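Contents: one structure, followed by commentary.
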2 protein chains.
Amino acid sequence: MPENQPTISDRIQRELDRLTRAERQLAHSILENYPASGLGPLATLAKDANVSAPTVARMVQKLGFKGYPEFQTELREELRSKAKNPIAKHDTWAEGAPSGHVLNRFTDAVIDNIRHTLGQIDPDDFDAACGLIGDPDRALYIVGGRITHTMAEYLFLHAQVIRAAVTHIQSTSNTWPHYLLDVKEGDVFVIFDNRRYENNTLKLAEMAHAKGAKIVLFTDQWRSPVHHLADICFSSRIVVPSAWDSAATTLLLVETVIAAIQDQNWAQTKDRTERLEDMFDQTKLFRKFT
Amino acid sequence: MPENQPTISDRIQRELDRLTRAERQLAHSILENYPASGLGPLATLAKDANVSAPTVARMVQKLGFKGYPEFQTELREELRSKAKNPIAKHDTWAEGAPSGHVLNRFTDAVIDNIRHTLGQIDPDDFDAACGLIGDPDRALYIVGGRITHTMAEYLFLHAQVIRAAVTHIQSTSNTWPHYLLDVKEGDVFVIFDNRRYENNTLKLAEMAHAKGAKIVLFTDQWRSPVHHLADICFSSRIVVPSAWDSAATTLLLVETVIAAIQDQNWAQTKDRTERLEDMFDQTKLFRKFT
DNA sequence: AGAATTGTGTTACAAAAAGAACAGAAGTCG
DNA sequence: CGACTTCTGTTCTTTTTGTAACACAATTCT
């Protein structure tokens, strides 16, 4: 779909010669801060350009619109699609597959999710979360749900290497009391909870909260009820053309957290990592990358 | 120029808790394609969000505006100043974070990885892989390594719902013989192996191959040695500005596979899913999404 | 389980905006 | 220089749009 139809800005510039003095004056005013000014009421636009209201109406008709409202609608549409793909013009991600192929549709959705999610994250929140998660003086507990426990485990596997005192709390609630016994004020819980939100997880969060633990929550755009208890909350868009939700954006955030706390704890980590690698090598479980 | 007054998007985000169900629904609809939708007439916005017009009016008042027109005016003002600032040219993902922030650097890298990886995938291979993985007449075995076993489990959790005869082979090699005993010719192994490639995994692949099983391999750009035995091989770019590798692209592929086999097995799956959901509901482990 | 509170949609009204008709101003051509 | 054409602004009408008041539904609390 080569949807490169000319933008309204283009159309105005092309017609600039056919316009009269007052209309041209108006046109320049529109282009001055495009497209914001064109989205206001007709009268405002007219006043800003020092022309009369009918002049505006006449011009947009000259441009081929039925009336000012239609002009605005198309402007909004343009803005919409502009916001949709500031990314590369990748209609197709997997070359050779039709754009309707699930590979392309799915990837589109994920990229979109990433953009939306990242756009709503407060960097300060993020840094604060990393500060908590990476702080070796706070015990770290990681909790996930039925599906999200894979994310929890992913974080756990890495955090374990980077710092000490990391626990992955499995979903079976039998084992909770054991873990919770040792929780101190200021300890950190990282909780994953996407729809459909699990009562289990909420209960655990409540207990942790009651003990004075800090809670960092990774949830979806509708936000788990846990977010009322959370000190920091990241909500990811998870909708994809699938019967299931996507965890890709969540994973992206988790990996970024891992990168950040790795950096922040480099001094200690370096040592820990090396010792761990040694252990792996000795047990011959993992082969060095060659 | 630290004129970083909170954007309206921020304000909505902030007040999200104080909003009611319908209002939240509306809020999400606004954020969905921001700011375009907020610049249209109130009624349109209401219809898009499936709420009534007064709900819109009430919400904007809750956000601190005198009325919808004032809300729109500020939105336009925001758009105006955004267009003015050449910096806002969207080379940052997390707005408000410097482009050197790890959030932006990391996301850049992941998007790049996705683009590269998808560009090299042969859609026919992909379809073939889905055909194998989704075929209920072939037993399905899923295998991962130290880190990648989270990906394996993610696939397992979903595949388990979609079809029968799915097994997640954990990394401890003690249990292998048990599983391998039942492997028949034509069965399918999905193997995850990123650097540093694990001997364990290779051994298992060899045994599976010897038994005549089909092998679908998810690996990284340098390709695990298993790829010599694999019938289909997907290699993802995994490099990110981190001491660790990224599994995000791999997850994207896995999720796409899940979407595809879900689609392909819809008839059976529907039934399976419903029964499973029922079970979950009965056990009260999961709360219905409202 | 019933009552009170809060939230939500339908209806009706008021305000504002866009369009049409007309009259005056500017520019142009004989 | 004057008559014609074209352009532009003012006024008025019609339509659209936002808001207020009300009634019903959902939720919460007792």
Side-chain angles (χ1 to χ4, degrees), chain A residues 8 11-12 15-30 35-77 79 196-197 199 202 206 222-225 227-229, chain B residues 8 12 15-30 35-77 287-290:
Chain A
I8 293 188
R11 273 165 85 173
I12 294 177
E15 299 282 333
L16 217 56
D17 297 331
R18 307 181 155 247
L19 300 181
T20 65
R21 181 195 53 77
E23 285 169 350
R24 217 163 15 235
Q25 193 174 322
L26 167 65
H28 282 121
S29 172
I30 294 176
S37 46
L39 292 163
L42 186 151
T44 308
L45 183 56
K47 202 170 130 230
D48 281 358
N50 280 312
V51 299
S52 66
T55 301
V56 179
R58 281 190 284 258
M59 193 195 77
V60 294
Q61 285 182 9
K62 241 184 199 172
L63 290 175
F65 301 99
K66 213 181 153 213
Y68 190 68
E70 190 182 301
F71 168 75
Q72 283 194 319
T73 305
E74 291 216 20
L75 253 190
R76 276 195 303 273
E77 210 50 57
L79 188 63
R196 295 136 51 209
Y197 314 115
N199 252 327
L202 181 56
E206 278 165 355
W222 299 283
R223 299 200 292 182
S224 143
H227 91 269
H228 293 114
L229 309 167
Chain B
I8 293 187
I12 296 177
E15 299 283 330
L16 219 54
D17 296 327
R18 306 179 163 248
L19 300 181
T20 65
R21 180 193 54 75
E23 286 168 349
R24 225 174 356 246
Q25 194 174 322
L26 168 66
H28 279 121
S29 173
I30 294 176
S37 46
L39 291 163
L42 185 151
T44 309
L45 183 57
K47 203 169 132 230
D48 282 358
N50 279 315
V51 298
S52 66
T55 302
V56 180
R58 281 189 285 256
M59 193 195 77
V60 296
Q61 286 183 6
K62 242 186 199 172
L63 290 175
F65 302 98
K66 212 180 156 215
Y68 189 69
E70 189 181 303
F71 167 77
Q72 284 194 318
T73 305
E74 291 216 21
L75 255 189
R76 278 195 302 274
E77 211 48 57
R287 209 168 63 174
K288 278 270 184 213
F289 172 66
T290 46

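These values consider heavy atoms only, across backbone and side chains, with no hydrogens, waters or symmetry-generated copies. Sequence lines set the chain letters: A, B, ... in the order given, protein chains first and strands last, and positions in each chain run from 1. This is a predicted model, so every value here is computed, not measured.
Counting heavy atoms from C-beta on, the side chains of V56(A) and F71(A) never come closer than 4.5 Å.
With hydrogens and angles disregarded, no donor-acceptor distance shorter than 3.5 Å links the side chain of Q72(A) to the backbone of G40(B). Judged by distance alone, with hydrogens and angles left aside, the side-chain atoms of R24(B) form a donor-acceptor pair with the main-chain N or O of L19(B) at under 3.5 Å. Using a distance-only test at 3.5 Å, with no hydrogens or angles considered, no donor-acceptor pair links the side chain of H28(B) to the main chain of Q25(B).
Rounded to an integer number of Å, the gap from K62(B) NZ to dT6(C) P is 11 Å. Separating the CD atom of Q72(B) from the C1' atom of dA16(C) is a distance of 13 Å, rounded to the nearest angstrom. dA15(C) atom P lies 18 Å from atom CD of E70(B), rounded to whole Å. To the nearest angstrom, P of dG19(C) lies 13 Å from CE of M59(A). Atoms CZ (R21(A)) and C1' (dG27(C)) sit 11 Å apart, rounded to a whole Å. Across the protein-nucleic acid pair, E23(A) atom CD and dT6(D) atom P stand 14 Å apart, rounded to whole Å. Remark: P of dT19(D) and CZ of F65(B) are 13 Å apart, rounded to the nearest angstrom. Rounded to a whole Å, the CG atom of L26(B) is 13 Å from the P atom of dG18(D).
For Y68(A), counting side-chain heavy atoms from C-beta on, the closest listed nucleotide (dT8(D), dG19(C), dG18(D)) is dG19(C). If you check dA18(C), dG9(D), dA20(D) against the side chain of P54(B), the one that comes closest is dA20(D). In the set dT8(D), dG19(C), dT10(D), the nucleotide with an atom closest to the side chain of L42(A) is dG19(C). Closest to the T20(B) side chain, of the nucleotides dG9(C), dT8(D), dG7(C), is dG7(C). Side-chain proximity of P69(A) to the nucleotides dG9(C), dA18(C), dT19(D) is greatest for dA18(C). Nearest nucleotide to the side chain of S52(B), out of dT10(C), dA18(C), dT8(D): dT10(C).
For T55(B) and dG9(C), the shortest distance from a side-chain N or O to OP1 or OP2 is below 4.0 Å.
Between K62(A) and E15(A) there is no salt bridge, since no side-chain N of the basic residue sits under 4.0 Å from a carboxylate O of the acidic one.
Heavy-atom distances to DNA chain C give each of T44(A) and Q61(A) a nearest nucleotide, and the one nearer the 5′ end belongs to T44(A).
Evaluation of atom-type donor-acceptor distances gives a pair under 3.5 Å for the side chain of R58(A) against the base of dG9(D).
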